[in-house]
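Being a predicted model, the structure only gives us computed values, none of them experimental. Each residue takes its place number in the sequence, starting with 1.
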Amino acid sequence: MTYDPTGHLLLTPIDKEAPARVQRLRELGLGERPDPAFDDFAHRLAEVTGAPFSMVNFIDENRQFFAGLHTPEGTHSGSDLGAAAAGSGVGRFMARDHGYCPHVVVRRKALVLEDVCDYPRFAGNPVVDEIGIRSYMGAPLIDRTGVALGTICVVDTDVRPWGRAGLETIKSMAAELMEQIHRREDGRF
């Protein structure tokens, strides 16, 4: 566990790779605006996992940006980024200290929380009270240069038994999205 100098547990991990990530995201043209292809991917991720919320999330030093977003009300690809999506409490931006994706990026490993309340480190996260998140599953998006760009993730307001099958699904879909990003970079959409 990581503690700040006063001895308090840090709920958001220290991210030493953030400057390299920001540079790589700029090179790739990611993390600044919604992307219909990523919205489509988030929608498919929700369908495959049965989750009501899914995201393609890019993380910089201060915030998370959902370039792909699916909520129970549907996919939201509009340009009103600061607004919450269709009343679901989920918008395109989230503070870096909210949610679980920053942990996935720093750990560079998938994370499955069937009930976030079972884990003291994660139960106190603001998304539990503000949005009602009870279950999370995410995998890092690690590009060919070795930089963890962000995550794909699914969340639910109910406890979900994701299990090993869910873990394998989220990991394989992260690899699939990285292939798509690399094809874009190579000009082979």
Side-chain angles (χ1 to χ4, degrees), residues 25 28-60 63-96 98-105 110-116 122 125-143 148-163 165-184 189:
L25 287 170
L28 294 169
L30 300 174
E32 296 289 324
R33 61 191 161 283
D35 186 311
F38 293 151
D39 281 335
D40 290 345
F41 186 90
H43 177 73
R44 192 163 60 83
L45 181 60
E47 285 182 335
V48 168
T49 62
F53 299 91
S54 61
M55 297 90 168
V56 174
N57 185 10
F58 298 113
I59 302 173
D60 67 21
R63 68 177 187 173
Q64 302 175 67
F65 175 69
F66 303 127
L69 175 63
H70 175 84
T71 69
E73 292 81 19
T75 300
H76 303 279
S77 58
S79 60
D80 187 11
L81 303 180
S88 66
V90 177
R92 291 280 182 173
F93 293 105
M94 185 179 285
R96 196 178 167 285
H98 284 50
Y100 310 106
C101 291
H103 294 272
V104 172
V105 166
L111 177 64
V112 176
L113 302 170
E114 294 182 344
D115 183 349
V116 299
F122 298 116
N125 196 285
V127 297
V128 175
D129 292 331
E130 292 175 17
I131 304 173
I133 301 303
R134 283 296 299 273
S135 186
Y136 170 90
M137 182 170 57
L141 296 170
I142 300 174
D143 85 339
L149 303 174
T151 67
I152 60 168
C153 68
V154 294
V155 296
D156 201 332
T157 54
D158 293 321
V159 173
R160 292 287 299 264
W162 305 110
L167 175 64
E168 293 307 318
T169 297
I170 198 87
K171 288 167 53 176
S172 69
M173 290 198 72
E176 178 184 324
L177 184 59
M178 281 313 311
E179 288 176 21
Q180 179 181 334
I181 291 169
H182 289 147
R183 282 193 306 273
R184 278 185 182 197
F189 299 41

Start with the C-alpha gap between Phe122 and His103, add the side-chain angles, then the distance that decides, and say whether ring pair (Phe, Tyr, Trp, His ring centres under 6.0 Å) holds.
CA-CA 10 Å; Phe122 298 116; His103 294 272; 4.9 Å; yes

Does Phe65 form a ring pair (Phe, Tyr, Trp, His ring centres under 6.0 Å) with Phe93? I'd like the steps, not just the answer.
CA-CA 5 Å; Phe65 175 69; Phe93 293 105; 5.3 Å; yes

Step by step, would you call Tyr136 with Val104 a side chain to side chain contact (heavy atoms under 4.5 Å, CB included)?
CA-CA 11 Å; Tyr136 170 90; Val104 172; 3.4 Å; yes

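Summarising the geometry, atom CZ belonging to Phe66 is positioned 8.5 Å from atom CD1 belonging to Ile59; distances are rounded to the nearest 0.5 Å. Atom CG of Asp158 is separated from atom CG of Asp115 by 10.5 Å, given to the nearest 0.5 angstrom. Atom-to-atom distance recorded for Cys101:SG and Ile152:CD1 is 10.0 Å, nearest 0.5 angstrom. Note: Met137 CE to Trp162 CH2 = 4.5 Å, rounded to the nearest 0.5 Å. Note that OH of Tyr100 and SG of Cys153 are 11.0 Å apart. Values are rounded to the nearest 0.5 Å.
Using a 4.5 Å heavy-atom threshold, the side chains of Met173 and Val48 count as touching. With a 4.5 Å cut-off on side-chain heavy atoms, Glu47 and Leu45 do not count as touching. No side-chain heavy atom of Leu69 sits less than 4.5 Å from a side-chain heavy atom of Phe53. Taking 4.5 Å as the limit, some side-chain heavy atom of His43 sits within range of a side-chain heavy atom of His70. Side chains of Arg184 and Leu30 form a contact here, defined as non-hydrogen atoms less than 4.5 Å apart.
Here the closest heavy-atom approach between residue Ile133 and residue Val116 is recorded as O-CG2, 3.6 Å. When every heavy atom of Gln180 is checked against every heavy atom of Ala37, the shortest pair comes out as NE2-CB, 3.7 Å. Of all heavy-atom pairs between Val155 and Pro52, the closest is O-CD, 3.5 Å. Shortest non-hydrogen contact noted between Met178 and Ile142 is CG-O, 3.6 Å. Contact detail for Gly163 and Glu114: the closest heavy-atom pair is N-OE2, 2.8 Å. What you find for Gln64 and His98 is that their closest heavy atoms are NE2-O, 2.5 Å.
Without hydrogens or angle criteria, Arg160 side chain to Gly50 main chain gives a donor-acceptor distance under 3.5 Å. Between the side chain of Ser135 and the backbone N or O of Val159, no donor-acceptor pair lies under 3.5 Å. Remark: side-chain polar atoms of Asn125 are paired, donor with acceptor, to backbone N or O of Gly99 under 3.5 angstrom.
Centroid-to-centroid, the aromatic rings of Phe58 and Phe38 come within less than 6.0 Å.
No option in Asp143, Val56, Asn57 other than Asp143 meets the side-chain contact (heavy atoms from CB on, under 4.5 Å) test with Leu149.
A salt bridge does not link Arg134 with Asp156: none of the charged nitrogens is closer than 4.0 Å to a carboxylate oxygen.
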